[in-house]
Structures are given as structure tokens and as C-alpha cells.
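First up is the structure itself, then whatever we jot down about it.
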Amino acid sequence: QVQIVESGGGLAQPGGSLTLSCTAPGLASAYYGIGWFRQAPGKEREGISWIVSWDRSTSYAESVKGRFTIYSNDVNDMVYLQMNSLKPEDTAVYYCATSPIFYSHADLYRAEDFASWGQGTQVTVSA
């Protein structure tokens, strides 16, 4: 079982920014899809963004499009989620996950394609 570690969560004010990091051994080379999900209290887990390791194509949920950016650094096996213009409704535990399934573009991934998960990092957006 791959060990996925997220970091970078914390408290941010509305309109502020945070950058989440995800790392795992061989993250860029061993998995085709790397994604970020979140789960707020009392709500279902939501897939918000993912990236294809081989061509870096990306996909975003409508709730974060234009505010969040996913990108990767293959040198240090890291995937990041830059979150700008944060809103209170972005408050959730954020999880990084990997998929061994190959798709030609990030838009083709679905949440059920992701098999390995990190422990999550809490993001709280509040004044």
C-alpha cells in the first residue's frame, strides 16, 4: 500500500490562499492519475481536481474552477493544490489520492478510479 502524505492545511481568511502538498514514493512515475478530494462535515466526499502524470492535463470541479490550480513537480514527487479566493464553503478535510488507471486526459477520471488515499489535511476558511 503506497503511503500518501498531505500537508499545507490550516486556517485561512475568506479571500485568502493556501497551497496543499501531496507526496508519495514514485508519485509521478507509478500512477497515471493524482487527484484532490475533500469532505466537509455531514457531506459526501467531493472530487475537486486531478492531474494526469504523463501529460499534466488537468480537470476541475465547477465549485473550484478558476480559483484552484493543481500542478506537479516530478523531480521531488510532489503534487500541489494552489487554492486562491478561498470561501467558507471550502472548509473541509482535503485528501490526495492516486489512480493506476490510464486515461488520455484528466477529464475522463471519476472518483471511483482512485484507489490509494492519504490521511487528509484540514482546511478551515473563517474570518
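Judged by distance alone, the side chain of T58 and the main-chain N or O of I70 form no donor-acceptor pair under 3.5 Å. No side-chain donor-acceptor contact under 3.5 Å links S116 to the backbone of A97. Remark: the backbone N or O of D77 is paired with a side-chain donor or acceptor of T23 at under 3.5 angstrom.
Smallest separation of non-hydrogen atoms from A106 and S57: N-OG, 3.0 Å. In terms of heavy-atom proximity, G8 sits nearest to L18 at O-CD2, 4.1 Å. For the residue pair R45 and Q39, the shortest heavy atom distance occurs at N-NE2, 3.8 Å. Shortest non-hydrogen contact noted between S104 and L108 is OG-CD1, 3.6 Å.
The distance from atom CZ of R56 to atom CD1 of I34, rounded to the nearest 0.5 Å, is 9.5 Å. Taking OG from S63 and CD from E89, the interatomic distance works out to 9.5 Å, rounded to the nearest 0.5 Å. Here the straight-line distance linking atom CG of D90 with atom CE of M83 works out to 7.0 Å at 0.5 Å rounding. One distance of note links CE of M78 with CG of N73; it measures 8.0 Å at 0.5 Å rounding. Atom CH2 of W54 is separated from atom OH of Y32 by 10.0 Å, given to the nearest 0.5 angstrom. The distance from the CD1 atom of I4 to the CG atom of L27 is 7.0 Å, given to the nearest 0.5 Å.
There is a path of hydrophobic side-chain contacts, each under 4.5 Å, that joins V64 to I51. Put simply, L86 and I48 are part of the same group of oily side chains (I, L, V, M, F, W, Y) that touch within less than 4.5 Å, one to the next.
At a threshold of 4.5 Å between non-hydrogen side-chain atoms, the residues L81 and S49 count as touching. Residues S72 and S53 form no side-chain contact, since every pair of their non-hydrogen atoms from C-beta on lies 4.5 Å or further apart. For the pair K43 and R38, the minimum side-chain heavy-atom distance is 4.5 Å or more. In this structure, Q82 and S17 have side chains that are in contact, with non-hydrogen atoms separated by less than 4.5 Å.
Evaluation of the disulfide bond (SG atoms under 2.5 Å apart) test over residues 67-109, restricted to residues two or more places apart or in two chains, returns C22-C96.
Ring-plane geometry between Y95 and W117 is classed as perpendicular, the angle between the planes exceeding 60 degrees on a 0 to 90 degree scale with a lower cut at 30. Below 30°, between 30° and 60°, or above 60°: for Y94 and F68 the angle between ring planes is between 30° and 60°, a tilted geometry. A tilted orientation is assigned to the rings of F114 and Y109, their planes being inclined by 30° to 60°.
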Can you give me every donor-acceptor pair (side chain of residues 119-127, partner residue at least two apart or in another chain, under 3.5 Å) with its distance?
residue : atom : partner : partner atom : Å
T121    : OG1  : G9      : N            : 3.1
Q122    : NE2  : A92     : O            : 3.4
Q122    : NE2  : T124    : OG1          : 3.4

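Using modelled atom types and a 3.5 Å distance limit, the side chains of S99 and D113 yield no donor-acceptor pair.
When each of W36, Y71, F37 is checked for a ring pair (Phe, Tyr, Trp, His ring centres under 6.0 Å) with W50, only F37 meets the rule.
Within 6.0 Å of the CD atom in E112, the count of heavy atoms belonging to other residues, nucleotides or ligands exceeds 12.
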